[in-house]
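Structure first, then comments.
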Amino acid sequence: MIALYEQAPLCIGGAALVIVIVTYTWQVLKSPVSRVPGPWHSKWTSLASKYQFLVGKEAYYVHSLHQKYGPIVRIGPNEVDISDVQAVQTIYAIKSEYSKTEWYNHLTSLPVRNLFDATDFEYHRRHRRLLGANMTESSLKAFLPIIVPKVDLAILRMREEMKTRGAVDVWKWWLFMATDIIGELTFGESFQTLEQGRKSAYTEQLELVAPLSAMRSIFPNLATIIKALPIPIFRQAVEGTKKLRQYSMDSLSRHQRLVNSDPTRAKQSLFTKLYKAVDENELTFEELLAEAQGYIVAGSDTTANTLTYLVWSVARRPDIKATLLSELRQLPRDYRESDLRQLPYLSDVIEETLRMYSAVPGGLQRRVPVGGAELAGHWLPTGTTVSAQSYTMHRDPFVFPNPDDFDPSRWREPTKAMLDASMPYGRGSRVCIGKHLAYMELRLATARFFLAFPEVSVSAKEGMTDEDMVAKVFFLLFPQGKRCLLEF
Ligand code: HEM
């Protein structure tokens, strides 16, 4: 009797465990998501895809699932990825009711939300309206006097590096260029990485913060504990977060004071007009700060990596380079950015790069709205996480024949199916706000680069091989060798 009494806690614990397991099993098995095709383990856990995210391969993993299971695949008990045009049009519609998931909140450590990570529709709409006015094709023309000299300086620095090193790391210089451009357009002053030839302190801090962001996005609860532990890599990340915030606050305040005191002398930035919104209480300074920090991250690696893959892809294909050069050589000597918009092959090369090397190739997570939804032939309950990834959408062989070939000519007369499947900048109400700025930089840098270095080819110096260019994906894509050596 006494022995039984002593064992009671054990029995109660055991019974509770059995109840938990049975309830979980019951929930999993009755969930409509469990009927979506996918690997058996994804019914129970999303650990496999989380692991793939941490090693930079989730986009490839999900793509392989699509090749095996079809246009809709289960990647976790409550998570599916879809590669189906109709479903994509529903999920990422202009007036979509599919909100971004909390995953976006965990990706950044900002105390208030910004355009990129906002999950609330109204908050996002208000910010998009305020920020959008400066990001149209026509308003961005005013910033060409800031952008063009930075492109030219990047080309000059590449020429210098070629002389001293015998090869040029274009990845580094495009990153410096894109960072300096978005830095000056945001803060009204450049990071001057092109001038100094090395990463800015801001970029260095961003890199230190990255491991914690990755950890937080995958294991949000664990990250809170890890942050408090004396592990150097995470301590540095916490310190880095504070420094980034301080730098952004100082720069924005400095620029704001200049704009308010002498608007004619202050350099125009994408945020100049927004100080008025702050004064009129349409936007808080904290929100403005969060937007500025978001712009630096969203506007640097994306454009730099796209340019890197573009020049690398063209440099290794003499036929494509010759066609591009013959078009570029017809430009007047004093050509303007508007002339570049008229060049069809330049545009085809850019589109093909965006197809094959989308800077954000993985799934863009959204939440199924209240009431559930029928997508790609499956009923998904309220709250299911759904995503589509450009990596897979851009490799449908029925839409893009020989999808692994870099073939700009496929864009000469794009089919409706091609346009429907394309999503390098996302789609709908959350489509990239920096898309016109990115196109501007891509056009200018590509034209300037190939006209300056028509003999460019891929370098084998310093052990550079195609392996360096295999892309890793931590939400953003980058070459795993963290370099791209070319020579001319
Ligand atoms: C080739 C260059 C670029 C590519 C491929 C790209 C791609 C994307 C993609 C795929 C999204 C959607 C993300 C999602 O739905 O989760 C996005 C959103 C965004 N991008 Fe870009 N981007 C590029 C350049 C830029 C630049 C230069 C900026 C500078 C301001 C920028 C700022 C943003 C912002 C703020 C958002 C969030 C928009 C919103 O949710 O309303 N991007 N970008």
Side-chain angles (χ1 to χ4, degrees), residues 59 88 91-94 96 98-105 107-108 110 113-121 123-132 134-136 139-140 143 147 174-175 177-187 217 269-271 287 290-310 350-351 353-367 385-391 393-394 422-446 471 473 475-478:
V88 165
I91 300 167
Y92 305 98
I94 290 282
S96 173
Y98 291 69
S99 66
K100 281 194 173 180
T101 61
E102 293 73 39
W103 180 83
Y104 285 89
N105 297 166
L107 200 61
T108 63
L110 302 167
R113 304 274 62 93
N114 65 15
L115 196 64
F116 172 73
D117 63 17
T119 49
D120 179 77
F121 288 114
Y123 187 91
H124 174 262
R125 220 171 280 141
R126 180 166 62 86
H127 280 233
R128 183 95 192 190
R129 183 173 50 77
L130 287 167
L131 292 162
N134 280 329
M135 300 301 270
T136 62
S139 24
L140 282 168
F143 298 104
I147 300 168
W174 292 140
L175 186 58
M177 182 198 81
T179 311
D180 281 357
I181 291 176
I182 195 64
E184 188 159 339
L185 294 186
T186 301
F187 295 127
S217 71
S269 84
L270 295 171
F271 285 65
E287 288 172 347
E291 293 303 353
Q293 291 189 254
Y295 266 29
I296 303 294
V297 177
S300 44
D301 294 80
T302 45
T303 310
N305 286 317
T306 307
L307 266 173
T308 302
Y309 278 103
L310 186 155
I350 292 172
E351 291 310 319
T353 310
L354 289 166
R355 178 187 75 81
M356 276 194 79
Y357 304 104
S358 299
V360 188
L364 307 175
Q365 290 190 3
R366 301 293 188 265
R367 175 108 29 253
T385 297
V386 285
S387 57
Q389 56 171 20
S390 58
Y391 189 85
M393 293 296 291
H394 294 180
S422 289
M423 49 181 295
Y425 293 102
R427 294 170 83 112
S429 56
R430 305 305 295 254
V431 73
C432 176
I433 200 171
K435 144 182 186 171
H436 298 301
L437 174 60
Y439 271 130
M440 219 174 223
E441 291 183 47
L442 293 174
R443 278 191 292 262
L444 277 164
T446 305
V473 184
F475 191 67
L476 300 181
L477 144 155
F478 66 89

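Note that these values count all heavy atoms, side chains included, but never hydrogens, waters or copies made by symmetry. Source: prediction; values computed, not measured. In listed order, ligands and their atoms are each counted from 1.
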Salt-bridge present (R367, E102; N to O < 4.0 Å):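 Yes, charged N to carboxylate O under 4.0 Å.
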
R113 bridged to E291 by N-O distance under 4.0 Å: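 Judged by the 4.0 Å cut-off on N to carboxylate O distance, R113 and E291 do not form a salt bridge.
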
Suppose I only count heavy atoms of [X] and a 4.0 Å limit; which atoms of ligand 1 are within that range?
{"X": "R128", "answer": "38 (C), 39 (C), 41 (O)"}
{"X": "P424", "answer": "5 (C), 7 (C), 10 (C)"}
{"X": "T306", "answer": "1 (C)"}
{"X": "R366", "answer": "14 (C), 15 (O), 16 (O)"}
{"X": "K100", "answer": "14 (C), 15 (O), 16 (O), 40 (O)"}

R430 and H124 side chains, donor-acceptor separation under 3.5 Å: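 Yes, side-chain donor-acceptor contact under 3.5 Å.
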
Pair T179-S300, side-chain donor/acceptor within less than 3.5 Å: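 No donor-acceptor contact under 3.5 Å links the two side chains.
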
Under 3.5 Å: N/O of Y104 near N/O of ligand 1: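 Yes, since at least one N or O of Y104 sits under 3.5 Å from an N or O of ligand 1.
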
Polar proximity ligand 1 side, M135 side, N/O cut 3.5 Å exclusive: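 So ligand 1 has no N or O lying under 3.5 Å from an N or O of M135.
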
Geometric cation-pi criterion R126 and Y123, 6.0 Å radius, 45° cone: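 Yes; both conditions hold, so R126 lies above the ring face of Y123.
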
For [Y], is there any backbone N or O sitting under 3.5 Å from a side-chain donor or acceptor partner on [X]?
{"X": "N305", "Y": "A359", "result": "no"}
{"X": "T186", "Y": "A292", "result": "no"}
{"X": "Y92", "Y": "A388", "result": "yes"}

Residue-ligand contact M423/ligand 1, heavy atom below 4.0 Å: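 For ligand 1, residue contact (heavy atoms, under 4.0 Å) with M423 is absent.
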
Aromatic centroids of F187 and Y295 separated by under 6.0 Å: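 No; F187 has its ring centre 6.0 Å or more from that of Y295.
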
Between W103 and F475, ring centroids under 6.0 Å: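 Here the rings of F475 and W103 have centres that are less than 6.0 Å from each other.
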
Atoms (protein N, O or S; no water) under 2.8 Å from atom 21 (Fe) of ligand 1: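 N, O or S atoms of the protein closer than 2.8 Å: 1.
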
Identity and separation of the nearest protein heavy atom to atom 40 (O) of ligand 1: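 Here the closest protein heavy atom is R430 NE, 2.8 Å.
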
